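Just below is one structure, and these are the notes that go with it.
Here is how names work: the chains are called A, B, and so on, in the same order as the sequence lines, proteins then strands, and each is numbered from 1. Since the structure is predicted, the reported quantities are computational estimates derived from the model, not experimental observations. Any value given below was found using the heavy atoms of this structure, including those in side chains, with hydrogens, waters and symmetry copies removed.
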Amino acid sequence: MSARPMIELDNVSRLFEGVAAVDGISLRIDSGEICVIVGTSGCGKSTTLRLLNKLIDCSSGDIRIDGQAIAQLDAQRLRRRMGYAIQNTGLFPHWTVARNISVVPRLLNWPTERIEARVHELLELLGLPHADFAHKFPSQLSGGQAQRVGVARALAGDPDILLMDEPFGALDPITRDSLQNELLRIQSRIHKTIVFVTHDIDEALKLATRIVVMDQGRIVQHDTPVNLLNHPANAFVESLLGQGERGLKRASLQRVAERMLPLQGTPPAFSVAAQDSLRQALSLMLWHRVGELCVRDNEGRAVGLLPISALLHGATA
Amino acid sequence: MRLLSSASNRVVLTLVTLAIGSLLLGDFASVQANRIVPGSGFGLFAALGSAWAVALLAALVTLAALALHPSPAGYRGMLLLISLLLLQWPASLAWFIHTQIPADQAQARAGLATGCWSLLFFALLLLIEVRQRLAPAAGWWRLGPLGLLLVTGLLIYSGYLEPLALLREYSSRSAQFWQALRGHLGLVGGALGFSLLFGVALALLIRRQPQLQRSVFGVLNFFQTIPSLALFGLLIAPLSYLAAHSPLLQQLGIRGIGWAPALLALVAYSLLPIVRNTSVALQAVAAEVIESARGMGMSPWQVFSQVRLPLALPVILEGMRITSIQAIGLTAVAALIGAEGFGSFIFQGLGQGAMDLVLLGALPTIVLALLADALFSALARYFQPGVG
Ligand SMILES: Nc1ncnc2c1ncn2[C@@H]1O[C@H](COP(=O)(O)OP(=O)(O)O)[C@@H](O)[C@H]1O
Ligand SMILES: [Mg+2]
């Protein structure tokens, strides 16, 4: 991860009718990060995000994007450089999928062929075949498909920064899970700087390189998911993490491959994949009532052994 | 489907019974020796002769029989019979005229009586009912009404329907008729144009200055409560006064009576539906759609012209539909203060007790209203978001 700061907030506040929705926050988000802002509803997450693309202005403090103070930048030009995806998609119901995706490229006056190529590329990237989807209207899409189009639209202008406000919040758990995986897959190819807002701590732990926990307009903790789990800053973060679930949450952040031992003798009857999480491995052990699993790689070869004791020892951070 | 088709179709049965009843009980048509003398009525059999009358009744009875145990094939049969009923309708009139009015009597005229009108009315209702039952089976229900128009047109063109009272009234005033059409359309179009201009401007003003909303709607609602005749009348005095003191207004042809007060009153009535629909429609566009439009980097004008307005358009068009139908009706009333339009025939006819002249004004007014309804409904459907 490069250490160049892409987004910097310096003691930023925003008041609504005298009440601070965002209260003196300072934050540095490096290029290529997925920074997830998490917190209970009304704590100022959306307000923080909307300060970044100047949908609302700061009451005090400075925000710099790629070193430039946004107070000096034209709001519309700034927004065209940042992707923006929101809950319930906000797709334009009177335009086709292709027209929706091409909004920002059109605003940027790209030539027609480049826009068409871009729409094609993005639909394929999000697993929506161009022939089937380009000419559909938003009302003809499922919730998951519509949100994919929302993400494609946010990426269309090839922005350095992607702002996402609870984009998967209205989806069912299975669709949400697959879109989260999709986002991680895409990010591993495009390396944008992503600021992602959610109230779902599991979503935050799964997606984030670093998590910002907010409470009543302030930042309570800013750290990596593992550090957050191991060293919650206060009781609020602990309760957000869910006391009884912390062990499982941490286990879901770690891969079997990190803990497996060399294979000796005959491999056990039940197997787990090397890239699965420790949480999945534990679940398999509980289910099959066994104390050890055979670890297999992508091709199905037995590559290691995972005894239950390996879940208890080993590095924790 | 099974449930639907196994029970008899009561709507069809009722309509057929009513049609047969009015054919047998009322007069079918009438003949007047000239415009002044009272006419003499002809029952169904006397008017069309027994062969035609029996065939007509047989068709209706068959329709009823098919409706007792309707099946898809049965409905297609009904549709066929209804189409035939519609097609024979103008022909039966021509036949009546041919047999009852000697060609050398240039003053004699034929009138439609209850039987004839009810047959047309019930046949159209039957068509609507049966068409619903054949839902997916597209276009050919249109053949009946289109054929009716075509046959009527041909019979009028070839002169067979010439002695029809309505046409006698028309031919003695054909120049006035087209003048009235132009006048009527001109007033309605003008009212629609002006109220669209002012209405949208007012709606935008209300969006900017929400505190004006109450007073604007207060005034517009007040206009709607004034009866149209009273409003037309109220405008005569101030306009006469203004015109008498302003040569410019005189040059423009503005007087206390005529098109000027009519147009003013029409615009006053039209503003409410347009302002209300426009402001509601602009307001109703989903907040997250506007949020993402702004978040993508659209300028305020782009948000309005590319997102808010197109999404509001169907509801605005609905306002224009209401307005145009209302204006078409009110323009007829405006004849009382000397505005051109079909209303002049209606009021002349009422004054002279000539119902056919009333019809000559009323029928085109109704047709115009139906056309406006169809046009704006189609436009609203066309601009409905998200239908490819
Ligand atoms: N446009 C606004 N006007 C007034 N108050 C606002 C506005 N936007 C947000 N707020 C208030 O600011 C606080 C934080 O809101 P928000 O950032 O939307 O919270 P969330 O973390 O749920 O996204 C809330 O108390 C909300 O009521
Ligand atoms: Mg929010």
>> Is there a salt bridge (Lys or Arg N to Asp or Glu O under 4.0 Å) between A:K192 and A:D158? Walk through the geometry before answering.
In response: CA-CA 9 Å; A:K192 306 286 181 194; A:D158 204 10; 2.5 Å; yes
>> Ring-plane angle category for A:F92 and A:H94, please: parallel below 30°, perpendicular beyond 60°, tilted otherwise.
In response: perpendicular
> In terms of heavy-atom pairs under 4.5 Å with chain B, which of A:K54, A:H135, A:R50 leads?
Replying inline: A:R50
>> Using modelled atom types and a 3.5 Å cut-off, is there a donor and acceptor pairing between side-chain atoms of A:K45 and backbone atoms of A:F196?
In response: no
>> Counting only non-hydrogen atoms closer than 4.5 Å, does A:L91 touch chain B with its backbone (N, CA, C, O), its side chain (CB onward), both, or neither?
In response: backbone
>> Taking A:R99's backbone N and O only, do any of them form a donor-acceptor pair with A:T96's side chain (distance below 3.5 Å, no angle check)?
In response: yes
> Based on non-hydrogen pairs under 4.5 Å, which of A:L107, A:N88, A:I86 is most in contact with chain B?
Replying inline: A:L107
> Under the 6.0 Å and 45° cation-pi test, does A:R148 pair with A:F133?
Replying inline: no
> For A:R77, is it the side chain, the backbone, both, or neither that has a heavy atom closer than 4.5 Å to a heavy atom of chain B?
Replying inline: neither
> Side chain, backbone, both or neither: which part of A:L55 has an atom under 4.5 Å from a heavy atom of chain B?
Replying inline: both
>> Does B:F222, at its CZ atom, have more than 12 non-hydrogen atoms belonging to other residues, nucleotides or ligands within less than 6.0 Å?
In response: no
> Can you say whether A:R106 sits under 4.5 Å from chain B via the side chain, the backbone, both, or neither, judging by heavy atoms?
Replying inline: neither
> When heavy-atom pairs shorter than 4.5 Å are enumerated against chain B, which of A:Q76, A:Q87, A:R81 gives the highest number?
Replying inline: A:Q76
>> Strictly distance-based, threshold 3.5 Å: is any side-chain N or O of A:E33 a donor or acceptor partner for the main-chain N or O of A:I194?
In response: no
>> Please classify the contact between B:Q302 and chain A as side chain, backbone, both or neither, with a heavy-atom cut-off of under 4.5 Å.
In response: side chain
> Does any heavy atom of chain A fall under 4.5 Å from the side chain of B:A293, the backbone, both, or neither of them?
Replying inline: both
